Each structure stands twice: as structure tokens, then as C-alpha cells.
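Everything numeric here is computed off the predicted structure, so don't read it as measured data. One-based numbering, in listed order, for ligands and for the atoms of each.
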Amino acid sequence: MVKELILEHTRDVADFPEPGVQFKDLTPLFAAPEAFRSVVSDIGSRYRGTVDVVVGIEARGFILAAPVAMAMDLPFVPVRKAGKLPGPTLRQEYSLEYGTATIEVHSDSLRAGQRVLLLDDVLATGGTAAAAASLIQRTGAKVAAIEMLMELGFLDGRAKLAEYDVNCLVLV
Ligand SMILES: O=P(O)(O)OC[C@H]1O[C@H](OP(=O)(O)OP(=O)(O)O)[C@H](O)[C@@H]1O
Ligand SMILES: Nc1ncnc2[nH]cnc12
């Protein structure tokens, strides 16, 4: 099952990037082609036919979203940290488990009515996903679903995402 594959390929790192944070490192999953392929194919098969575009959040969300988009034969659209996208953008500030940040999307990268699958690796406080979802809605596209590999349940990130269909493969 993909849930076990994700758990087997997650490394816990204490006090990263700052004291008190238990970091969920998924690089072992990305470095295991069979396990990673299974996860990508599981996500692709569950959303096939129900979404038009796959959006990934910089940086770790890109690692997941690009292969899922490719497997589904759908466009991949990046949500990037501020100042990285060259064209006209929409921007949104948000707060993280460890700091604040601003993200952007190209304003012409999504069209009204498009159904978006929003992907990232970890759901923590939900600030990043809520900001990305709000950017997507501002383009006129619709957030059909938000999918994460892992949810840090104690941070209750879902509270910020109550209006969306959220699925996380592993709850810790
Ligand atoms: O639910 P939240 O509290 O918003 O946290 C989750 C976000 O934090 C991590 O990204 P990070 O901002 O560390 O950037 P990175 O992907 O560039 O490492 C993770 O990949 C999510 O995007
Ligand atoms: N504890 C954590 N582990 C991995 N990614 C995160 N993003 C926010 N908090 C995180």
C-alpha cells in the first residue's frame, strides 16, 4: 500500500530547520524509484478524468506534481516563492510553522473553470496550501482537490482548508 511505502521512506529529523520542529524528510521516497512511481501512479489513477491541471507548490511540491501531471498527461503549473516567476503574477502572503513567506502564480497559467489538483508533500499548519488555493481561485480556476503525502495532524492544517476536498495519504 502507498501509505506504508511513504512511511517506510520518510526520515524524521529533530530540530530542523529550527529547535522544536520535527522535520518529515521525504527525500528517501524521491530516491526510491519503485516506491515513488507507485505513489505517483496511485495519485494519478484516483484523479484521472476529474481534473484538468496539476499545480505544485515550490519546492518539494514540484518533485511530486511534475511526474503526476506527466503521468496524467495534464499541464503542470508551478506556484513559486515570490520573485521567481518572470511573467505577470498574482501573489499571496502566508505564515508557516517556521516563519512567513509569499508565493506567486503566473496570472495567465490557469483559466476560469479549469479543475485543479493542488499537490504538495507535507500539510503542516496549512498556511501554504491555503495561500496556494486562494491564488488558484483568484485566477477563476476551481480547486477540485488538494492532495498531500503527509499530514501533521497536531498542527490542524485542515482547519484552514475546510472549504476544500483535502486528502493526505499518511496522518502522523
Ligand atoms: O502547512 P504549512 O505550515 O504551510 O507547511 C507546509 C509547507 O512547508 C514545506 O515547504 P517549505 O515552505 O519548507 O519550502 P520548500 O518546499 O521549499 O522546502 C512543505 O513542502 C509545504 O509546502
Ligand atoms: N515538520 C515539517 N516537516 C516537513 N515539512 C514541513 N513543512 C512544514 N513543517 C514541516
* Asked: Distance-only, no hydrogens or angles: does the S107 side chain make a donor-acceptor pair with backbone N or O of P88 under 3.5 Å?
  -> yes
* Using heavy atoms and a threshold below 4.0 Å, how should the contact between K81 and ligand 1 be classified: side chain, backbone, both, or neither? -> side chain
* To do: Look at ligand 2 and say whether R60 reaches it with a heavy atom at a distance under 4.0 Å.
  => yes
* Would you mind telling me if ligand 1 is within reach of the side chain of T125, the backbone, both or neither, using heavy atoms under 4.0 Å? => both
* Asked: N/O to N/O below 3.5 Å, does that happen between S95 and ligand 1?
  -> no
* Hey, which atoms in ligand 1 end up nearer than 4.0 Å to a heavy atom of V122? -> 6 (C), 21 (C)
* Side chain, backbone, both or neither: the part of D120 lying under 4.0 Å from ligand 1 by heavy atom -> side chain
* Output the list of atoms in ligand 2 that are nearer than 4.0 Å to some heavy atom of L152, sorted by atom number. => 1 (N), 2 (C)
* Asked: What atoms of ligand 1 come within less than 4.0 Å of a heavy atom belonging to E58?
  -> 16 (O), 17 (O)
* Test of proximity, I57 against ligand 1: N or O pairs below 3.5 Å -> no
* Under 4.0 Å from any heavy atom of T128, which atoms of ligand 1 are there? -> 2 (P), 4 (O), 5 (O), 6 (C), 7 (C), 22 (O)
* Structure fact -> Checking heavy-atom distances from atom 1 (O) of ligand 1 to each of G126, A132, A131, the winner is G126
* Asked: Going through the checks in order, is the salt bridge (charged side-chain N to carboxylate O under 4.0 Å, His left out) test met by E151 and R158?
  -> CA-CA 9 Å; E151 173 179 1; R158 277 177 189 262; 2.8 Å; yes
* Relative to atom 15 (P) of ligand 1, which among A59, A130, P17, G56 owns the nearest non-hydrogen atom? -> A59
* Numbered atoms of ligand 2 (with element) below 4.0 Å of A124, judged on heavy atoms -> 8 (C), 9 (N)
* To do: Verify the distance criterion only: is there a donor paired with an acceptor across the side chains of N167 and E147 at less than 3.5 Å?
  => yes
* **Whether D52 side chain and Q114 backbone form a donor-acceptor pair below 3.5 Å** => no
* Structure fact -> Contacts of D120 meeting side chain to side chain donor-acceptor pair (under 3.5 Å) (sequence neighbours excluded), chain-then-number -> none
